[in-house]
Amino acid sequence: MYDMVTTTPATQLIIFGASGDLTRRKLIPALAGLQAAGNLDSSVSIIGVSRSKKSDEQYREELANSIPSELRDAYDKMKDRIFYHAADVTVPEQVKGLREYLDNKAGGDEVGRLFYLSLKPELFSKVLKALGNEDMLKTSNALSPHWRRVVVEKPFGHDRESARKLNDCMHDYLREDQIYRIDHYLGKETVQNILGLRFHNTIFEPLWNRHHIELVQITVAESIGVEKGRAGFYDENGAMRDVVQNHMLQLLALVAMEAPTTLDADDIRNRKVEVLRALHCPDASDVAKQSVRARYSAGEVDGEAVIGYLDEEGVPEGSDTETYVALRVDVDNWRWSGVPFMLRHGKRMSKKFTEIKIQFRTPPVQLFNRPDGMSESDFRRKLKEGSLCQARPNVLTIRIQPEEELTLSFGVKTPGADMIMTPAKLSFNYDNFFHSESAPAYQRLLLDALQGDPTLFLRADEIDASWLYTDEVIAGWKAADAPAIVEYPAGSQGPDIADELFTGCEGCWSRG
Ligand code: BG6
């Protein structure tokens, strides 16, 4: 059970980009979810800020239309605490007006303020400067009752250099403890459980290393294509920047990190950043061998014909942007050296699923499943040659979505006279066990930001290390002799050529 948000006598949550998609689809429903769960104190007011003029009442109505029906009651209970203020927050005069507006609300400027930048990334620095210059971000320390915090949405920069500039700009006005860089994957219950699974249980950790693990596979597969109205933004970023640089590298870091000393935000983040820094930075020839970039062509998803990426509305002609990436990543440290981390993300794949597979090594000698009529010596010889592969490795699957599940596969002897092993699995499913759905990621993250817990947010150095790796891969793709982007039909598993990334190790891409 979460705590109620009561960190200060009153709190203002100020959302810049109040009319945007994220606010309507995620933030307000998340707040209504907090309200429904009894986690949102009545002293929290929500102030939407964007340029168009509208009244509080109009804004409340507008938001009401996108509230899921099951949250409607909760929304109705909180809607009187939602306000709207029209301002262009890149214009100093209008920021001054906003300040006066906020100061005139109950509690004056003695309240705690959470500024949520749900804006286009190019506006982040401008808005921060404007707020900083109006003295709106100053606070004595993290525990002050009139705290000031800023949440920034992804993408955090377009590359390492721009991310550094943005960090520098933030640090001109804010201490690191005031900055909450969001990666919504960290708010997912099953992602948080990775640390619980690894460090609360003792059975996994002794095996969690290069001696026992053959490979790790992380998949973020989506069946949706580029969403309406998003093509311009997406095309400038592509799959690598949109999902791999942030969500997938965070999943990798959680799987690969050492045990933190405590669960304090900085202890966990120190451990994650060590892994991100250990990612082998590939040169152009590594990138050519260890990555595949692709784009979906027309195909069929869930029985419906869909168009290819290049024909999507808003995609610029001649686009070379990838909608799919597959990578073989090396983590150069003592625990993981030699263990491939296979990462794959794509849009318009056959189905949506996110999962992590930890594949353990196969037994050194195969004793079981000799085919009927084959002599023991033939069996041994064929296994050695590799012409008969009977071993099935144990695999621990952390299913993040749509099902929230853990499964461990193993072999059991089939009843009967022969020593024939059949694959079986142990499963744990969140829904079945807890009989309740996990709270959406944004609900958890908003609560933490309001309460001042930065554990599930990214620190500047994590972002920096993620970009270091990402930039190298992207640079490799731009090299003169880099392999060209390939195509895969929408609704497929991605391009076949990505199978080649498994060369030299036992395994294949999960079909979910
Ligand atoms: C976002 C990306 O960060 O994550 C989207 O910008 C992507 O392109 C989304 O669709 C995936 O999130 P989830 O929670 O649906 O897996």
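When a ligand or atom number is given, it counts from 1 through the structure's own listing order.
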(message) For Lys347, is there an ion pair with Glu322 - N to carboxylate O distance below 4.0 angstrom?
(response) no
(request) Could you check atom 15 (O) of ligand 1 against the protein and tell me its nearest heavy-atom contact, residue, atom and distance included? (result) Lys352 NZ, 2.7 Å
(request) Write out the residue and atom name of the closest protein heavy atom to atom 9 (C) of ligand 1, then the distance separating them to 0.1 Å. (result) Glu222 OE2, 4.1 Å
(request) Please name the residue in the list Arg293, Arg295, Arg348 that meets the salt bridge (charged side-chain N to carboxylate O under 4.0 Å, His left out) test with Glu487. (result) Arg295
(request) Could you tell me whether the side chain of Phe341 reaches within less than 4.5 Å of the side chain of Asp330, counting heavy atoms only? (result) no
(message) I want to check a possible cation-pi pair here: Lys188 against Tyr185, using under 6.0 Å from ring centre and within 45° of the ring axis as the test.
(response) yes
(request) Number the atoms of ligand 1 from 1 as they appear, then name those within less than 4.0 Å of a heavy atom of Lys347, with their elements. (result) 5 (C), 7 (C), 8 (O), 10 (O)
(request) For ligand 1, indicate whether the residue Arg230 contacts it via side chain, backbone, both or neither (heavy-atom separation under 4.0 Å). (result) side chain
(message) How far is atom 12 (O) of ligand 1 from the closest protein heavy atom, and which atom is that?
(response) His184 NE2, 3.2 Å
(message) Using a 4.0 Å heavy-atom cut-off, which part of Glu227 comes near ligand 1: side chain, backbone, both, or neither?
(response) neither
(request) Could you tell me the residue and atom name of the protein heavy atom closest to atom 5 (C) of ligand 1, and the distance to it rounded to 0.1 Å? (result) Asp242 OD2, 3.5 Å
(message) Both conditions, 6.0 Å and 45 degrees, for the charged tip of Lys26 above the ring of Tyr442: are they met here?
(response) no
(request) Within a distance under 4.0 Å of any heavy atom of His247, pick out the atoms of ligand 1 and give their elements. (result) 1 (C), 3 (O), 4 (O)
(message) Is the distance from the ring center of His184 to that of His247 below 6.0 Å?
(response) yes
(request) Pull out every atom of ligand 1 sitting under 4.0 Å from any heavy atom of Lys154, numbered as shown with elements. (result) 1 (C), 2 (C), 3 (O), 6 (O)
(request) Using a 4.0 Å heavy-atom threshold (strictly under), name the region of Tyr185 that reaches ligand 1: side chain, backbone, both or neither. (result) side chain
(message) For Asp172, is the CG atom crowded, meaning more than 12 foreign heavy atoms sit under 6.0 Å from it?
(response) yes
